**Q** 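One structure follows; several queries about it will come next.
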Amino acid sequence: MKLNLKDTFIKQLPADPKLENTRRQVENACFSFVTPKQTAKPELLHVSPEMLDSLGLTDTDAKSDTFLKVITGNEVYPKTKPFAMCYGGHQFGNWAGQLGDGRAINLFEVEHNNKHWAIQLKGSGETPYSRTADGLAVLRSSVREYLCSEAMFHLGVPTTRALSLALSGDQVMRDMLYDGNAAYEKGAIVSRVAPSFLRFGSFQILAARGDTETLKTLTDYTIFNFFPELGKPSKETYIAFFNEVAQRTLKMIVDWQRVGFVHGVMNTDNMSILGLTIDYGPYGWLEDFNYGWTPNTTDSQHKRYRYGNQPNMGLWNLYQLANALYLLIEDVEPLQAILDGYQTGFDEQSFAMMRNKLGFEEEDENDKILIQQLEENLHLTETDMTIFFRNLSDFSEENPSEGISIIKDAFYHLNEVEGEIETKWQAWFEAYAKRLKDETASSEVRKTKMNAVNPKYVLRNYMSQLAIDDADKGDYKLIDELFNLLKKPYSEQPKYEKWFVKRPEWARHKAGCSMLSCSS
C-alpha cells in the first residue's frame with residue numbers, strides 16, 4: 001500500500017507543543033498530535049471502491065493487513081503524524097468555547113490525480129478535545145455515517161466522503177436516547193475523506209480568544225490551499241473568501257432542501273468552511289413534507305434545526321463566522337452586504353430549485369403562487385416528499401383529473417384525501433396542467449429533467465436501521481445492497497423497487513427510524 005503523501009495542515013499551521021493526551025485548553029495552535037487507540041480485533045466491513053481509486057489505492061491494497069490496521073488506527077502509516085483539530089462553536093445558539101476533534105483523528109493528507117484529500121478516522125479514541133467522552137463510536141452511528149456521506153455525494157449534494165467501515169472488536173457503552181438506559185454496543189470506526197475538515201468553529205475559537213495572529217495564519221492557509229484563485233492575503237481577499245464560503249454554504253443548503261435532507265445539528269462546529277455536508281449524526285430525510293420536522297431528540301422542544309429553518313440557520317452561522325473574520329477585515333459593511341446577499345440568493349436559488357422540481361423552463365410570473373399553493377397542499381395530510389415529486393413527472397397536462405391518482409402512493413392516509421383536501425389538490429393539478437401548456441419542451445423531456453433532480457431513492461432512516469439490525473447480528477449484506485442502491489438515486493433500478501416506498505408504520509416511532517440523539 002503506497003500513498004502519495006502531501007501534508008499541509010501540520011506543516012503550515014501551528015501545533016500544540018504539549019504531546020501528552022490529556023484533556024486541556026489548547027491555545028495559539030490549530031491542532032494537537034495524538035495517536036489512535038489500539039483496538040481488540042479490527043474487522044473491515046465495507047470499502048468504497050470509488051474512494052479507494054480517488055486515493056490511488058487498489059482492491060488488493062484494501063485487502064491488505066496494512067490497510068486494515070491503518071484505517072482502524074492500529075498502525076500509523078510511515079512518515080505520518082496523526083492529529084486532532086482544535087475548534088470551538090455555537091451549539092444550539094450558545095457559545096460552547098473549545099470543542100475540537102473529540103472522537104476524530106486525522107491521519108494524513110494525500111494527493112492523487114491533482115486532487116487533495118485529508119483522511120480522518122471517526123471513533124478511534126480519545127484526544128485532548130474529548131472532554132468527558134471516550135472518543136469512540138458505535139456500529140449504528142458508523143453505518144449511518146458511512147452510507148449517508150456516499151449517498152449524499154451521488155445525490156449531487158456537497159459532502160465529505162467515506163472510505164471504509166470497520167469494527168473495532170471493542171464494546172462501547174452508550175446511552176442511545178439519553179434516558180439512563182446505557183448499554184454496551186459494538187465499537188466501529190469510519191474513515192472519512194474530504195479536501196479539508198476545517199469548520200467555522202476553527203476560526204471562531206481563535207477570534208474568541210483574541211488570537212489574531214493564529215487566525216490570520218489559518219485564514220491565509222485556507223485561502224492558499226483551497227481558494228487560491230482569490231489571490232494573496234489582503235482585506236479584499238478576506239472579504240472574497242467570506243463571500244465564497246457564504247455561496248458554497250448557500251448551495252449546500254439549497255441542495256439539502258431539494259432532496260428533503262435534515263442535518264439535525266447545524267452547530268457552527270458542524271459547518272464546513274468548504275461548504276460540505278459534515279458530521280452525520282441525528283440526520284434524517286423528510287418522510288412526510290413537514291417544514292417543522294427535526295430528527296434530533298435534543299432539538300425536539302425548540303426545533304431550531306427543523307427542515308424549514310435550515311436556510312435561516314445557515315445565515316445565522318455565517319454571521320458567527322463573519323464576527324470571527326471581522327478581526328482581519330475590520331469593516332462591517334462588506335460583511336453585511338454578503339450576509340444580505342445570502343438571503344436574496346437563497347430566495348432566488350430556492351425558487352429556481354422548486355421550478356426545476358416541477359419541470360418548468362419557461363418564465364411565468366405566477367410560478368411563486370403555484371409553488372406556494374403546492375407547499376400548502378403538501379401539509380394538508382401526511383405526504384411523502386420523495387414519492388410525490390418522483391411520481392409527479394408522470395403527470396400529463398392533458399389529463400389533470402388524473403393528478404391525484406398519479407401521486408396517491410405518496411399519501412400516508414389516502415382516506416383523508418377527500419372533501420376539502422381533495423378539492424384543493426384537484427384545483428392545484430388543474431392550475432399545474434394549465435401552466436405546463438406554456439412549456440415548449442415535450443412531456444418526455446420534462447420527465448427526464450424532473451427525474452434528474454427528484455431522486456427515486458434516498459437513505460430513509462428505517463433503511464439504515466434495518467442494515468444496522470442485520471449488522472448487529474453479523475450480517476453485512478444489506479449495508480452493501482444499500483451502498484450500491486444509493487450510487488444511482490435518480491435511476492429506476494427495478495431490482496430495488498422495494499425501497500421506493502413510504503416509511504413503514506412500524507418505523508413511525510421506532511428508535512433510530514424517527515427521532516435520533518446526538519449519539520446516534
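Side chains are part of it too, since the values below use all heavy atoms of this structure and drop only hydrogens, waters and symmetry mates. The shown structure was predicted, so the numbers you read here are calculated from the model rather than taken from an experiment.
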**Q** Looking at side-chain heavy atoms only, is the closest gap between R209 and Q98 below 4.5 Å?
**A**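 In contact.
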**Q** Between the side chains of D279 and R199, is the shortest nitrogen-to-carboxylate-oxygen separation below 4.0 Å, so that they form an ion pair?
**A**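 Yes.
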**Q** Between T217 and T214, is a side chain to side chain donor-acceptor pair (under 3.5 Å) present by the stated rule, with each step listed?
**A** CA-CA 5 Å; T217 300; T214 308; 5.7 Å; no
**Q** Can you establish whether the number of heavy atoms outside Q12 located under 6.0 Å from its atom CD is more than 12?
**A**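 It does: Q12 CD has more than 12 such atoms within range.
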**Q** Minimum heavy-atom separation for L52 to A62, with atom names?
**A** CD1-CB, 3.6 Å
**Q** Is the CD atom of E229 crowded by more than 12 outside heavy atoms at less than 6.0 Å?
**A**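 Yes, enclosed.
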**Q** With ring pair (Phe, Tyr, Trp, His ring centres under 6.0 Å) as the rule and sequence neighbours excluded, what pairs involving residues 306-341 come up?
**A** H90-W316, Y291-Y307
**Q** So how far is it from L198 CG to L276 CG, rounded to the nearest 0.5 Å?
**A**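 One finds 11.0 Å between CG of L198 and CG of L276.
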**Q** Can you establish whether the number of heavy atoms outside K487 located under 6.0 Å from its atom NZ is more than 12?
**A**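 Enclosed: over 12 neighbouring heavy atoms sit under 6.0 Å from NZ of K487.
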**Q** So, are D220 and K216 salt-bridged, with charged N and O less than 4.0 Å apart?
**A** yes
**Q** Could you check whether any side-chain heavy atom of S164 comes within less than 4.5 Å of a side-chain heavy atom of L44, counting everything from C-beta outward?
**A**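 Yes, their side chains come closer than 4.5 Å.
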**Q** Within the 4.5 Å heavy-atom criterion, are Q247 and F242 side-chain neighbours or not?
**A**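 A side-chain contact under 4.5 Å is absent here.
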**Q** Start with the C-alpha distance between R23 and E126, add both sets of side-chain angles, then the distance that settles side-chain contact (heavy atoms from CB on, under 4.5 Å), and finish with yes or no.
**A** CA-CA 9 Å; R23 314 304 202 272; E126 300 174 1; 3.1 Å; yes
**Q** Step by step, would you call R144 with N461 a side chain to side chain donor-acceptor pair (under 3.5 Å)?
**A** CA-CA 9 Å; R144 285 170 53 78; N461 278 342; 3.0 Å; yes
**Q** Please step through side chain to side chain donor-acceptor pair (under 3.5 Å) for the pair Q120 and N106, ending with a clear verdict.
**A** CA-CA 4 Å; Q120 180 186 87; N106 304 268; 2.9 Å; yes
**Q** When you look at K63 and D59, which way does the salt bridge (charged side-chain N to carboxylate O under 4.0 Å, His left out) test go after all the steps?
**A** CA-CA 6 Å; K63 292 170 182 161; D59 290 340; 5.7 Å; no
**Q** Knowing that exactly one of R174, K37, R103 qualifies, which makes a salt bridge (charged side-chain N to carboxylate O under 4.0 Å, His left out) with D134?
**A**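 The passing option is R174.
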**Q** Give the minimum heavy-atom separation between A162 and S149, together with the two atoms involved.
**A** CB-OG, 3.3 Å
**Q** Just how far is it from atom OH of Y87 to atom CG of L99, taken to the nearest 0.5 Å?
**A** 7.0 Å
**Q** Let me confirm one number: the CD1-CG distance from I329 to L335, rounded to the nearest 0.5 Å.
**A**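 Interatomic distance, I329 CD1 to L335 CG, rounded to 0.5 Å: 4.5 Å.
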**Q** Quick one: does H263's side chain get under 4.5 Å of Y305's, heavy atoms only?
**A**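 The answer is no, as the side chains (C-beta and beyond) never meet within the 4.5 Å cut-off.
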**Q** When rounded to the nearest 0.5 angstrom, what distance separates CG in L206 from CD in E27?
**A**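 Result: 10.0 Å between the selected atoms.
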**Q** Under the rule for ring pair (Phe, Tyr, Trp, His ring centres under 6.0 Å), what residues qualify as partners of W285, not counting sequence neighbours?
**A** F261
**Q** Salt bridge (Lys or Arg N to Asp or Glu O under 4.0 Å): which pairs involve residues 453-464, sequence neighbours left out?
**A**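 Residue pairs passing salt bridge (Lys or Arg N to Asp or Glu O under 4.0 Å), neighbours aside: E287-R460, D384-R460, K456-E492, K456-E497.
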**Q** Does any part of the side chain of C86, heavy atoms only, come nearer than 4.5 Å to the side chain of Y129, both counted from C-beta?
**A**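 Y129 vs C86: side chains touch.
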**Q** Looking at A133, is its backbone amide N or carbonyl O close enough to the side chain of S130 to form a donor-acceptor pair, meaning the two atoms are under 3.5 Å apart?
**A**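 Answer holds: no.
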**Q** Any donor-acceptor pair under 3.5 Å linking the side chain of D340 with the backbone of A337?
**A**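 Here the side-chain-to-backbone pair does not exist.
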**Q** For Q257 and S350, run side chain to side chain donor-acceptor pair (under 3.5 Å): C-alpha distance rounded to whole Å, both residues' side-chain angles, the deciding distance at 0.1 Å, then the answer.
**A** CA-CA 8 Å; Q257 304 301 100; S350 179; over 6 Å; no
**Q** Can a donor-acceptor pair be found, under 3.5 Å and without considering hydrogens, that links the side chain of S300 to the backbone of T297?
**A** yes
**Q** Return the CZ to OG1 distance between F346 and T249, rounded to the nearest 0.5 Å.
**A** 13.0 Å
**Q** Please give me the minimum heavy-atom distance between Y342 and P311, naming the atom from each residue.
**A**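 For Y342 versus P311, the nearest heavy atoms are OH-O, 2.8 Å.
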**Q** Could you tell me whether R248 and E244 have a side-chain N and a carboxylate O separated by less than 4.0 Å?
**A** yes
**Q** Out of K488, R192, R161, which one pairs with E150 under the salt bridge (charged side-chain N to carboxylate O under 4.0 Å, His left out) rule?
**A** R161
**Q** Should we count OH of Y221 as having more than 12 external heavy atoms under 6.0 Å?
**A**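 Counting other residues, nucleotides and ligands, OH of Y221 exceeds 12 neighbours.
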**Q** State whether the side chain of N243 and the backbone N or O of I239 hold a donor-acceptor pair below 3.5 Å, judged by distance alone.
**A** no
**Q** Measure the spacing between CG of L218 and OG of S202 and express it to the nearest 0.5 Å.
**A**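 Reported value, rounded in 0.5 Å steps: 6.5 Å.
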**Q** Could you check whether any side-chain N or O of R306 sits under 3.5 Å from a backbone N or O of T294, counting only pairs where one atom can act as donor and the other as acceptor?
**A**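 Answer holds: no.
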**Q** Is a donor on one side and an acceptor on the other found under 3.5 Å between the side chain of N267 and the backbone of D269?
**A** no
**Q** We want to know whether T237 and S234 form a side-chain donor-acceptor pair, criterion being a heavy-atom distance below 3.5 angstrom.
**A** yes
**Q** If we only count heavy atoms from C-beta on, is the I119 to F108 side-chain gap below 4.5 Å?
**A** yes
**Q** Mind checking whether Y146 and Y280 have ring centres under 6.0 Å apart?
**A**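 No, the ring of Y146 stays outside the 6.0 Å limit from the ring of Y280, centre to centre.
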**Q** Would you indicate whether E20, at its atom CD, is surrounded by more than 12 heavy atoms from other residues, nucleotides or ligands within a distance under 6.0 Å?
**A** yes
**Q** Taking all non-hydrogen atoms of both residues, which atom of V262 and which atom of Q310 are closest, and how far apart?
**A** CA-OE1, 3.2 Å
**Q** Of all heavy-atom pairs between A467 and I479, which one has the smallest distance, and what is that distance?
**A**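 Scanning both residues, the minimum pair turns out to be CB-CG1, 4.1 Å.
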**Q** Just checking, is any N or O donor in the side chain of T72 or N74 under 3.5 Å from an acceptor N or O on the other one?
**A** yes
**Q** Do you know the tightest heavy-atom contact between P42 and L68?
**A**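 Shortest heavy-atom contact: O-CD2, 3.8 Å.
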**Q** Short question: side chain of R304, backbone of D299 - any donor-acceptor pair under 3.5 Å?
**A**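 Between the backbone of D299 and the side chain of R304 there is no qualifying donor-acceptor contact (under 3.5 Å).
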**Q** Give a yes or no on whether the ring-centroid distance for H112 and W117 is below 6.0 angstrom.
**A**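 Not under 6.0 Å, so no.
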**Q** Restricting to salt bridge (charged side-chain N to carboxylate O under 4.0 Å, His left out), what partner residues turn up for R24, sequence neighbours left out?
**A**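 With neighbours one apart ignored, the set is D16.
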**Q** If you define the side chain from C-beta out and look only at heavy atoms, does anything of L358 sit under 4.5 Å from F389?
**A** yes
**Q** Taking the six-membered ring for Trp, are H46 and F483 ring centroids under 6.0 Å apart?
**A** yes
**Q** Which residues pass the side chain to side chain contact (heavy atoms under 4.5 Å, CB included) test with L485, sequence neighbours left out?
**A**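 Checked L485 against side chain to side chain contact (heavy atoms under 4.5 Å, CB included); matches are Y457, M463, L482, Q493, Y496, W499.
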**Q** Residues in ring pair (Phe, Tyr, Trp, His ring centres under 6.0 Å) with F227, at least two apart?
**A**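 Scan of F227 (ring pair (Phe, Tyr, Trp, His ring centres under 6.0 Å), adjacent residues dropped) gives F241.
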**Q** Looking at side-chain heavy atoms only, is the closest gap between T160 and T277 below 4.5 Å?
**A** no
